[in-house]
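Worksheet: the structure to be examined is printed underneath.
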Amino acid sequence: MTNFQNLAKLGWTPYFQQQLTLEEWSDAHPVRIVSQHRSCISVQGEARTYSLPLTPAMDALVVGDWILIDSEQRYIRLLERKSCFKRRAPGAHLAWQLISANVDTAFILCALNEDFNLSRLERYLALVHSSSAQAVVLLTKSDQVEHAEQALSVVHQLDATLDVLAVNTHAPECAERLSPWLSEGQTVVLLGSSGVGKSTLTNTLMNTQHQRTGRIREDDGKGRHTTTHRELVTLPSGGLLLDTPGMRELQLGGCEAGISSAFADIELLGEQCRFNDCRHGQEPGCAVQGAIDSGALSQRRLNNYLKLNRENAFNTASLAQRRAKEKSFGKMVKQTVKNKARLRDG
Ligand SMILES: Nc1nc2c(ncn2[C@@H]2O[C@H](COP(=O)(O)OP(=O)(O)OP(=O)(O)O)[C@@H](O)[C@H]2O)c(=O)[nH]1
Ligand SMILES: [Zn+2]
């Protein structure tokens, strides 16, 4: 039987434990996916790490997932995710691509230099809110500017409840300041555009200058050891840093709830517009335009809200269309088979 306490350092919590049946409680082994490869996944359990071949019977899995396996290391099932990042798969192929699961906190990095961009920050906030992870904003390169305090208050104006810190990602005390989110078993990801300091912060948190991520030797189940790139690494603090390349370019899709939450002020104003379907443009009695006129809301924020909604609607619609097409194709196939059978039998 599993010693569940040993799993806590991997991020196991009552949220997952309560999903187990009595039988699973005694016979199944929970393991967490620490990296993904073309044909296999690496999972870590109570005692060790192993490699499992991917099979068609498995659910769609992603780094960070908790799965159950039996004593012969056979897949049983996926446990329900606490949070999940997904995106529209790149290229012409329209589908969701899972990026990571069971992240507790997303650090959104924005550099305080000339790249500082509130609209980009709002995009990341919408994304994190829709994943169910907690957002913490890190304003990096604080050592290079004099207006850090001012930027902190501008970000706080977006959402007064948001955790926002100005940091120098090179400074070792950075790890100390972020420690509330990096305790044992807490899973974090770093989000942000190129050059904002994700690698630097990773190194600072890992307490190393050289390696972006850890390398592990793992048992492939046949007694051989292979060295693989690991995407879920344990930090000296006991926190778990999920570092997957897919986290870097994220388009919004299926993020309505996240956008609503990141722009709660505009949504609330929208309820007071004269028309239910007000687009907050030229319509009479628009409460959102009223807030812009009075200076309570910036035109930039409204424009960004409308833009992110358009992007989200576009991506979501494309996916819905594809699903509808697949469905009708499936129906057609079924009908053809039926017709053939009727001709044959009749
Ligand atoms: N002064 C100062 N420089 C920083 C800070 N954070 C990052 N830098 C510098 O900014 C540059 C880019 O930082 P990276 O850590 O490589 O940025 P990144 O987000 O990993 O970039 P990508 O790998 O392209 O996604 C490096 O030269 C860092 O030394 C900071 O807080 N203060
Ligand atoms: Zn309106």
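Nothing here was measured: the structure is a model prediction, and the numbers come from that model. We count ligands from 1, going down the list as the structure has it; atoms in each ligand are counted the same way. Only this structure's heavy atoms are used, side chains among them; waters, hydrogens and symmetry mates stay out.
In this structure, of Gln144, His170, Lys198, the residue bringing a heavy atom nearest to atom 4 (C) of ligand 1 is His170. The closest non-hydrogen atom to atom 5 (C) of ligand 1, taken over Leu139, Leu201, Asn203, Thr169, comes from Thr169. In the candidate list Gly197, Ser194, Ser199, Cys174, Ser199 is nearest to atom 20 (O) of ligand 1, counting heavy atoms.
Summarising the local packing, CD of Glu23 is surrounded by 12 or fewer heavy atoms from other residues, nucleotides or ligands at distances under 6.0 Å.
A distance of 12.0 Å separates OG1 in Thr169 from CG in Leu139, rounded to the nearest 0.5 Å. Interatomic distance, CG of Leu158 versus CZ of Arg301, reported as 5.0 Å (0.5 Å rounding).
By the criterion of a separation under 2.8 Å, the protein N/O/S atoms near the Zn ion (ligand 2) amount to Cys273 SG, Cys278 SG, His280 ND1, Cys286 SG.
Below 4.0 Å from some heavy atom of Thr200 lie the following atoms of ligand 1, by number and element: 7 (C), 13 (O), 14 (P), 15 (O), 28 (C). Atoms of ligand 1 found under 4.0 Å from any heavy atom of Asn168, numbered from 1 in the order shown, are 30 (C), 31 (O), 32 (N).
For the residue pair Leu269 and Ala291, the shortest heavy atom distance occurs at CD1-CB, 3.6 Å.
Using a non-hydrogen distance threshold of 4.0 Å, Gly195 registers as a contact of ligand 1. A heavy-atom separation below 4.0 Å is found between Val167 and ligand 1.
Looking only at atom types and distance, the side chain of His37 has a donor-acceptor partner in the side chain of Ser42 under 3.5 Å away. Donor-acceptor pairing under 3.5 Å is lacking for the side chains of Gln186 and Trp181. Between the side chains of Glu80 and Tyr15, at least one donor N or O sits under 3.5 Å from an acceptor N or O.
The shortest N or O to N or O distance between Lys141 and ligand 1 is below 3.5 Å.
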